[in-house]
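Below, each value reflects all heavy atoms present in this structure, side chains not excepted, and no hydrogens, waters or symmetry copies.
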Amino acid sequence: MRDKKLLRIALRYRAIYLDIDPKEIDLETKPTPAVLAFVARLRENGFSVNEDLLHALCMVSATELAGITAVIDDVMGVKLNWATLVKGWNVPTGETRADHLITFFANLIGGAKAGLEGCTLPCGCFIPEGTFPLERYTGCPFCGTPFTTANFVYKGQASKLKELRLFTEEDLKQVYQYLLASPTPLDATQKDSFEKLIDIYGLPDNVEISMKETAMLAVKHLVANGQQAQTQALLKTPTDILRYLWYEKTGYVQIIEPRTLIAQARRFYYHMFGPLDQSEYAGKEMKEKLKLKYDRKHCQCVASWINNLALSPQQATENMNAKRGMWVRMIRALRLGEYSRRKGYEHLADILDAFYRQEQPTWLGILQQARNNRDTQAVLQMLKQRSGLFARSLFATMLRFGCEETMEAFEQVTDQMPSRLLLSLGNAAEKYFDPDATRTAHPITGYTISISKNKLLSLYSPADLRAMVARVKQCYILSLKHSFAAQATKAKSIYIDPSLFDIPISVGDRSATIQDTSCALMGTRFPVEGDAVRLFLQWGKGLHAQPLDMDISCHIAFENGKTEDCAYYRLKATGAKHGGDIHAIPEMVGTAEYIELSLPELAEAGAKYVTFTANAYSCGALSPNLVVGWMNSAYPMKVSEKTGVAYDPSCVQHMVRISESNLSRGLVFGVLDVDEREITWLEMPFISQNIQGCDFTAVNALLQRLRNKLSIGQLLEIKAEAQHLSLAPSPDEADEAYTYEWALNPAEVSALLNM
């Protein structure tokens with residue numbers, strides 16, 4: 001089990017984990033028949049091996065190679081059901097809305113019992129003669145129930161293989177250290193890897209964890225292993241304690257207000273067809289679920305955590321005031337008033353006394369009063385005391401109190417701020433100060449909203465606003481240069497892979513999907529090699545047979561402003577074909593839907609962009625372990641004439657898996673630029689049963705924001721300039737080499753900002 005977990009983590013970094021000593025690898029060894037057979041199995045799944053890994057494989061037994069093959073097959077979903085509703089769906093069935101309408105009324109009046117000619121299917125639906133061509137379907141074309149599963153997939157059709165490298169114990173420990181020290185929040189993939197690694201390697205002594213959310217995962221591990229005493233070093237404020245308690249209650253490492261979760265549950269279980277709407281019931285169920293109830297052991301543990309805080313009662317109270325309503329509930333549920341009267345809990349008593357008396361004015365209250373009084377100097381002096389808040393309110397402060405005065409004060413405290421915070425300001429400035437730009441926010445509650453512009457923008461001329469953008473960018477670039485220049489290095493040359501200029505730095509992008517075969521950063525662009533892109537959606541793995549309707553769709557935007565959808569309600573669109581709408585899943589192996597896009601047809605029709613989406617049509621969020629992605633190959637990809645199977649793991653260019661903590665009902669997972677023949681990987685959640693509820697203005701805004709971000713390549717150019725490094729033409733000729741494989745570790749990329 002341990003080796004399987006490590007192997008799954010290694011695959012995310014395009015590597016295979018082997019429990020060997022790399023010093024013992026013999027580069028003269030000839031591959032054994034077992035190794036050659038293993039490499040052939042890898043090729044069928046779209047992978048190849050580099051030379052070091054090839055020789056390292058000779059050091060493991062055939063049994064271990066078989067175990068690795070089984071894990072890779074599981075990750076790639078080879079054993080799942082990939083049959084779709086229509087046989088040979090690349091040729092349309094010709095079904096129409098009239099077929100559905102006629103079938104509906106035929107079933108309404110009794111079908112065969114009413115003397116109509118037709119066929120009654122195993123699901124109970126009556127299909128009138130002359131409607132659907134039943135010989136073309138693997139299930140019911142009316143209710144979407146599948147009758148057929150397929151135990152095979154196509155293999156080896158890919159035109160390009162993904163090269164795997166060797167990972168040993170030391171490499172995985174290095175990944176673990178990067179995750180612990182990551183200065184940016186861990187995405188779902190990193191979080192999953194971190195939870196596996198901390199279970200295997202434990203928490204190092206005296207470790208410094210930069211991110212509060214990462215610290216919560218560590219606290220969970222310590223508490224689960226009965227090491228509550230060691231958690232105090234990670235719980236430094238009342239907010240840290242509240243964050244852990246809420247994570248323990250809801251499974252989310254962010255503090256989401258109860259009313260938000262209740263409203264979210266209502267949205268998830270809303271259904272456009274009234275009789276299926278469960279929104280009110282879901283809201284009541286979530287309210288019941290969020291009720292607090294703790295045993296004595298838990299109460300005493302939390303009371304001890306608060307009592308041992310190294311904060312004064314006034315500091316603790318100010319920290320608690322931001323979530324005062326939640327703290328009132330927690331104090332009652334945890335019986336903290338009772339514990340505060342016990343001997344040894346005097347500090348807890350002082351904190352609760354200060355919390356309820358509210359006699360001390362809060363820092364934020366004083367700041368707001370200074371703002372209302374238009375006291376520029378008082379506001380700037382106070383903001384300098386809390387550099388993080390200053391950064392988060394910088395743009396609004398510039399508009400209210402003036403650019404030069406604000407930036408002069410801000411530059412006095414930039415050395416106290418992490419580089420990631422300054423970088424996020426530089427990325428956001430252009431959008432914020434553009435009165436015509438669409439700004440979006442992506443709350444952790446699973447949907448995207450548009451933000452109205454700051455009304456004070458109208459007071460400034462376009463030239464003034466451009467000057468503000470330039471001032472912010474100048475500030476963060478100078479700060480980055482100073483940080484890089486302060487780092488000691490013996491290197492004289494650097495290699496920067498050209499592909500890194502297409503990958504934006506991941507700052508502020510919270511991914512909620514797990515990538516089991518890569519760790520691509522949001523905004524990464526994938527070139528399309530062939531003339532077809534095949535989208536796929538697979539769901540229901542490990543679940544019993546039941547109605548569970550997930551949908552894959554795409555939105556096509558043309559140069560003339562016209563748009564088309566290819567979805568369950570329109571199986572054939574310009575340059576797009578849908579494999580059929582499935583409403584139910586078979587036992588344990590799940591089911592699949594596909595869409596195939598023809599780039600020549602799209603280009604001829606004047607299509608500019610195609611947006612890929614997945615939706616939960618059934619009530620609730622997207623199904624856990626749902627897999628979505630796209631395939632691409634320079635050669636034609638097959639579609640089964642018997643089962644409709646169109647999946648080939650070797651052709652998968654990118655795929656993601658929905659995590660258990662997903663808070664999304666719809667997901668935009670890619671945008672195809674038809675002219676450039678490239679797909680941008682992005683992740684934009686939205687709340688809708690189908691693609692028609694997606695805000696494509698917000699999609700375009702997100703896409704533009706990602707493309708305007710500082711890329712990894714540009715950041716490395718700043719580093720090279722600051723450290724006076726010459727650019728090398730190849731990795732072998734450089735003292736420091738930054739390749740695409742290096743960028744597969746987002747935590748290692750983020751380490752550039754950990755200064």
Side-chain angles (χ1 to χ4, degrees), residues 86 89-94 96 159 438 440 448 502 522-537 551-581 593-615 628-637 639 646 651-655 666-684 686 688 690-708:
V86 179
W89 52 268
N90 52 330
V91 178
T93 62
T96 64
S159 53
T438 301
T440 59
T448 301
D502 291 332
M522 185 155 58
T524 300
R525 284 175 259 180
F526 295 86
V528 176
E529 293 185 334
D531 287 335
V533 172
R534 185 171 293 171
L535 314 182
F536 61 86
L537 172 73
D551 293 317
I552 192 164
S553 312
C554 70
H555 177 81
I556 307 167
F558 297 87
E559 290 178 345
N560 58 10
K562 172 187 162 187
T563 63
E564 283 186 35
D565 294 340
C566 183
Y568 66 87
Y569 50 84
R570 187 176 186 180
L571 302 183
K572 178 71 173 71
T574 303
K577 299 170 186 173
H578 196 292
D581 183 30
E593 289 185 7
Y594 305 90
I595 290 177
E596 180 149 313
L597 303 171
S598 171
L599 269 68
E601 287 184 45
L602 290 167
E604 185 179 353
K608 289 292 291 178
Y609 295 101
V610 183
T611 304
F612 315 154
T613 71
N615 294 82
V628 66
W630 65 85
M631 294 179 279
N632 174 239
S633 174
Y635 312 122
M637 296 176 286
V639 176
C651 296
V652 173
Q653 192 169 33
H654 190 60
M655 71 176 185
L667 178 72
V668 176
F669 62 92
V671 175
L672 167 66
D673 186 324
V674 178
D675 292 336
E676 296 293 332
R677 296 178 72 90
E678 67 180 16
I679 299 170
T680 302
W681 147 243
L682 53 82
E683 181 179 322
M684 195 194 89
F686 63 98
S688 176
N690 59 32
I691 194 172
Q692 292 177 334
C694 181
D695 182 356
F696 293 100
T697 302
V699 175
N700 292 330
L702 174 60
L703 190 61
Q704 194 59 45
R705 182 172 70 85
L706 290 170
R707 293 188 173 175
N708 289 341

Smallest separation among heavy atoms of [X] and [Y], with atom names:
X: C554; Y: I691; value: C-CD1, 3.5 Å
X: M684; Y: L702; value: CB-CD2, 3.6 Å
X: A576; Y: L597; value: CB-CD2, 3.6 Å
X: V668; Y: C694; value: CG2-SG, 3.7 Å
X: S159; Y: E529; value: OG-OE1, 2.7 Å
X: V86; Y: G580; value: CG2-CA, 4.2 Å

CA sep, side-chain torsions, deciding dist, call: F686, N615, side chain to side chain contact (heavy atoms under 4.5 Å, CB included): CA-CA 9 Å; F686 63 98; N615 294 82; 3.3 Å; yes
Using 0.5 Å steps for rounding, measure from the [atom1] atom of [X] to the [atom2] atom of [Y].
X: L599; Y: D675; atom1: CG; atom2: CG; result: 10.0 Å
X: W630; Y: L537; atom1: CH2; atom2: CG; result: 14.0 Å
X: F612; Y: I595; atom1: CZ; atom2: CD1; result: 9.0 Å
X: D502; Y: R707; atom1: CG; atom2: CZ; result: 9.0 Å
X: S633; Y: D531; atom1: OG; atom2: CG; result: 10.5 Å

Backbone N or O of [Y] within a donor-acceptor pair of the [X] side chain at under 3.5 Å?
X: R677; Y: G530; answer: yes
X: K577; Y: N90; answer: yes
X: N632; Y: R534; answer: no
X: Y568; Y: D551; answer: no
X: E593; Y: H578; answer: no

Atom CD of E559 with >12 non-hydrogen neighbours under 6.0 angstrom: yes
Beyond-backbone contact of D673 with T680, side-chain heavy atoms, under 4.5 angstrom: no
Flag side-chain contact, heavy atom, 4.5 Å: F536 against M655: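 Result yes, sub-4.5 Å side-chain heavy-atom pair found.
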Residue from L672, T563, V610, V674 passing side-chain contact (heavy atoms from CB on, under 4.5 Å) with I556: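 Result for side-chain contact (heavy atoms from CB on, under 4.5 Å) with I556: V610.
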Stepwise side chain to side chain contact (heavy atoms under 4.5 Å, CB included) check, T574 with F558: CA-CA 10 Å; T574 303; F558 297 87; 3.9 Å; yes
Verdict with reasoning, Q692 to D565, per side chain to side chain contact (heavy atoms under 4.5 Å, CB included): CA-CA 8 Å; Q692 292 177 334; D565 294 340; 4.0 Å; yes
Parallel, tilted or perpendicular: ring planes of W89 versus Y594, cut at 30 and 60 degrees: parallel
Residues F696, Y609; criterion side chain to side chain contact (heavy atoms under 4.5 Å, CB included); working and verdict: CA-CA 11 Å; F696 293 100; Y609 295 101; over 6 Å; no
Carboxylate-amine/guanidinium proximity below 4.0 Å for R570 and E564: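 Looking at E564 together with R570, the answer is yes, because their closest N to O distance falls below 4.0 Å.
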